[in-house]
Number of protein chains: 2
Amino acid sequence: MTSSCPVPHPETERVLLGHGSGGQLMAELLTDVITPELGLTAPLEDAALIGLNQVFSTDSYVVTPRFFPGGDIGSLAVHGTVNDLAMRGARPLALSLAYIVEEGLPLSELRDITRSAAAAARAAGVPIVTGDTKVVGRGAADGLYVTTTGVGMRLRDARPSAAGAEPGDVVLVSGPVGLHGIAILSAREGLGFDADVSSDSRPLNDLVAAMIAAGGADVHALRDPTRGGLAGSLNEIAAASGVCVEVVESAVPVPVPVAAACDLLGLDPWHVANEGCLVAFVAPGSADAVVAAMRALPEGAGTAVVGEVVEGVAGRVLARTLVGSSRVVDVLVGEQLPRIC
Amino acid sequence: MTSSCPVPHPETERVLLGHGSGGQLMAELLTDVITPELGLTAPLEDAALIGLNQVFSTDSYVVTPRFFPGGDIGSLAVHGTVNDLAMRGARPLALSLAYIVEEGLPLSELRDITRSAAAAARAAGVPIVTGDTKVVGRGAADGLYVTTTGVGMRLRDARPSAAGAEPGDVVLVSGPVGLHGIAILSAREGLGFDADVSSDSRPLNDLVAAMIAAGGADVHALRDPTRGGLAGSLNEIAAASGVCVEVVESAVPVPVPVAAACDLLGLDPWHVANEGCLVAFVAPGSADAVVAAMRALPEGAGTAVVGEVVEGVAGRVLARTLVGSSRVVDVLVGEQLPRIC
């Protein structure tokens, strides 16, 4: 990551909540503890390649509450993994669904969540083909954790990678940011934004297919800004590609209720998690065609051109403000909101 | 399953520990709650096919304690999924590794477990290519849960299926049964069997490759008797294949310390979980060659011919005792030992 001084975390001997944030502590956990043991090299993509054209991705879901405006842990677990495959330009072929259930969970709830996962998978056009169920005693889990894993096939000409952004690329965001995080926060804490804010949780594989059909290999980088939010995804791409990204602050679509909630709570909407939009870096020659293809679909109707890859410090993300000044867009250090996905 | 009368479980509205047992309650949970919603049809295999020759399997691991004689949750999670792929006759191509970590877990422990998983994967010849880490608050998980998912490629001529057993098939067991369950129980409860009993946790993909090389499509059914034990696997194959299986009780290799521990604790060693042996149903013409190939490998050195598929009630498993009588081998109804894998 881009920080130049170490973050103070006196308790590094133990896992902290912030290690799951999608921010800098999490990057350190991965870099220091996990990837060296596995022999994996950063930057980690949302999904790994197997062979030439198969893509493989896994995610565990621990969201609380399990039901929230716009979705539940079942649909979220399907959308999240479908989208991780899509960010590598892949069509989903098959999903697995693994449950860790706390003793005492109502069976009706497990049935509802399974039904929701199945409906989400059908809507995304991917079968759930295998699964697993483990039960742990009361107090050993918080109701239900879900892990989905997906296998996908890369679309023809699709080569998006977090390391693929190039100078001159146009930066796109496919829709409003901050909805998922604020919806979860509101549902969890009873803040009363629920009426205005629903999670954007939805599958993005059709959107990506339309983008690849329009732009092919000119779609250089794709990322769905989940944990860590838009700022996290932009920084990951900037770092992995070794480029400087400039975003026009006012061009990023932040819904009014999200902006209001963030103001009230002291959050930065660019750090808030999303589950139904993506960030794309596209070669300038194909940007218009890709934007048009995105806007033709409901999930891309709000597509905005928000910035470009500029000359500058590699790995840095800048926001140009209305008054013409620039500020550095940092990643979250610790935890904005735990158990968001 | 084979039971003819419903099991009493007055609390069916909620998930019980026994729903995770690999026994009859678990079968009911799958049949009543999960598979109908997903549109999956029983019998469930250990792994699903994608397309013609790819195999896909997932498992969550919640074992406690996380370190036990013969392994830990990291190596177990790798072996378990590699073996599920192998039971469909597949060579593992890639694994994913997803952690749900409780805040406060020592980082050194997470590192040790990751290192162990990586070593197990290397030993099985499969790369861990992608992963995920979620952190939940203190009290919301019990230290660490691990979910592994694997993709494999079916070996040439490999067609093993739980539904593939045929009349006349010879039934093989690749090694001693009951070691994993007794090792976990002993480590957890401080029973002091640890000195004598280690988990058999190990990869079986090379063993299966040798079996397929020797027997090809004559290897009709494979199952690793994890949760639910040998009795569970035999019953699953008998039910899925619609055959009657007769096992010679004295032919099943039960190590002396396992038998002693089971006697003491009132357990049936055929219900105790294993993580490093398999049950095979092989056409009689290839049985000798398959047994020879198995015994040539360390993990198959103790291979025993334990029974055959006979004329009789479809779905039934019989044990022939030393005095020549027969008893019905039932599946576990509820829970023998929770959190065994």
Side-chain angles (χ1 to χ4, degrees), chain A residues 12-17 19-20 26 29-30 33-34 37-40 44 47-48 50 54 56-62 93-94 96-108 110-111 114-115 117-118 128-137 139-142 145 147 149 151 338-339, chain B residues 12-17 19-20 26 29-30 33-34 37-40 44 47-48 50 54 56-62 93-94 96-108 110-111 114-115 117-118 128-137 139-142 145 147 149 151 338-339:
Chain A
T12 35
E13 311 88 320
R14 293 186 176 270
V15 174
L16 308 175
L17 264 181
H19 279 125
M26 177 153 195
L29 177 72
L30 289 175
V33 177
I34 295 182
E37 299 300 341
L38 296 180
L40 296 175
L44 290 179
I50 313 177
Q54 273 207 335
F56 188 40
S57 184
T58 194
D59 255 319
S60 292
Y61 295 84
V62 299
L93 291 180
S96 67
L97 180 71
Y99 287 150
I100 297 171
V101 189
E102 184 186 10
E103 182 190 19
L105 186 78
L107 279 180
S108 60
L110 193 61
R111 186 179 286 115
T114 306
R115 185 175 299 154
I128 295 172
V129 297
T130 191
D132 182 49
T133 305
K134 291 294 189 307
V135 181
V136 296
D142 187 11
Y145 299 140
T147 302
T149 307
V151 175
R339 314 249 334 243
Chain B
T12 35
E13 312 87 320
R14 291 185 177 271
V15 174
L16 309 174
L17 264 182
H19 279 125
M26 176 153 196
L29 177 72
L30 289 175
V33 178
I34 295 183
E37 300 299 342
L38 296 180
L40 295 175
L44 290 179
I50 313 176
Q54 273 207 337
F56 187 40
S57 184
T58 194
D59 256 317
S60 293
Y61 296 84
V62 300
L93 291 180
S96 66
L97 180 71
Y99 286 150
I100 297 171
V101 189
E102 183 186 10
E103 183 190 18
L105 185 79
L107 278 180
S108 60
L110 193 61
R111 187 180 285 117
T114 306
R115 185 175 299 155
I128 295 172
V129 296
T130 190
D132 182 49
T133 304
K134 291 292 189 308
V135 181
V136 296
D142 186 12
Y145 299 140
T147 302
T149 307
V151 175
R339 307 214 24 210

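To the nearest 0.5 Å, atom CD of residue B/E13 and atom CG of residue A/L105 are 13.0 Å apart. The distance from atom CZ of B/R14 to atom CG of A/L110, rounded to the nearest 0.5 Å, is 12.5 Å. Taking CG from A/L107 and CG from B/L16, the interatomic distance works out to 7.5 Å, rounded to the nearest 0.5 Å.
Of the listed residues A/A117, A/G131, A/P338, the one with more heavy-atom pairs under 4.5 angstrom with chain B than any other is A/G131. The candidate from B/G104, B/G20, B/A98 with the greatest count of non-hydrogen atom pairs under 4.5 Å with chain A is B/G104. Your options are A/I128, A/V136, A/V151, A/D142, and the one with the most heavy-atom pairs under 4.5 Å with chain B is A/V136. Across A/A47, A/A94, A/G139, the residue that shares the most heavy-atom pairs under 4.5 angstrom with chain B is A/A94.
In this structure A/T58 satisfies the side chain to side chain donor-acceptor pair (under 3.5 Å) test together with A/T149, sequence neighbours excluded. B/A118 is linked by a side-chain contact (heavy atoms from CB on, under 4.5 Å) to A/L38, B/R122, counting only residues two or more places apart in sequence or in another chain.
Taking every heavy atom of both residues into account, A/D59 and B/K134 meet most closely at OD1-NZ, 3.4 Å. Taking every heavy atom of both residues into account, A/M26 and B/T133 meet most closely at CE-O, 3.3 Å. In this structure, A/V135 and B/H19 approach most closely via the heavy-atom pair CG2-C, 3.8 Å. Shortest non-hydrogen contact noted between A/S60 and B/D132 is N-OD2, 2.8 Å. Scanning both residues, A/A48 and B/T130, for their nearest heavy atoms gives CB-CB, 3.8 Å. When all heavy atoms of B/R339 and A/A140 are compared, the closest pair comes out as NH1-CB, 3.7 Å.
Within the 4.5 Å cutoff, no side-chain heavy atoms of B/I34 are placed close to those of A/L97. For the pair A/L93/B/F56, no side-chain contact is recorded, criterion being any heavy-atom separation below 4.5 Å from C-beta on. A/Y145 has its side chain out of reach of B/T147: every pair of non-hydrogen atoms, C-beta onward, lies at least 4.5 Å apart.
Heavy atoms closer than 4.5 Å to chain B are found in the side chain of A/V101, but not in its backbone. At a 4.5 Å heavy-atom cutoff, the contact between B/I50 and chain A is made by side-chain atoms alone. Proximity to chain A is limited to the side chain of B/V62, based on heavy atoms less than 4.5 angstrom apart.
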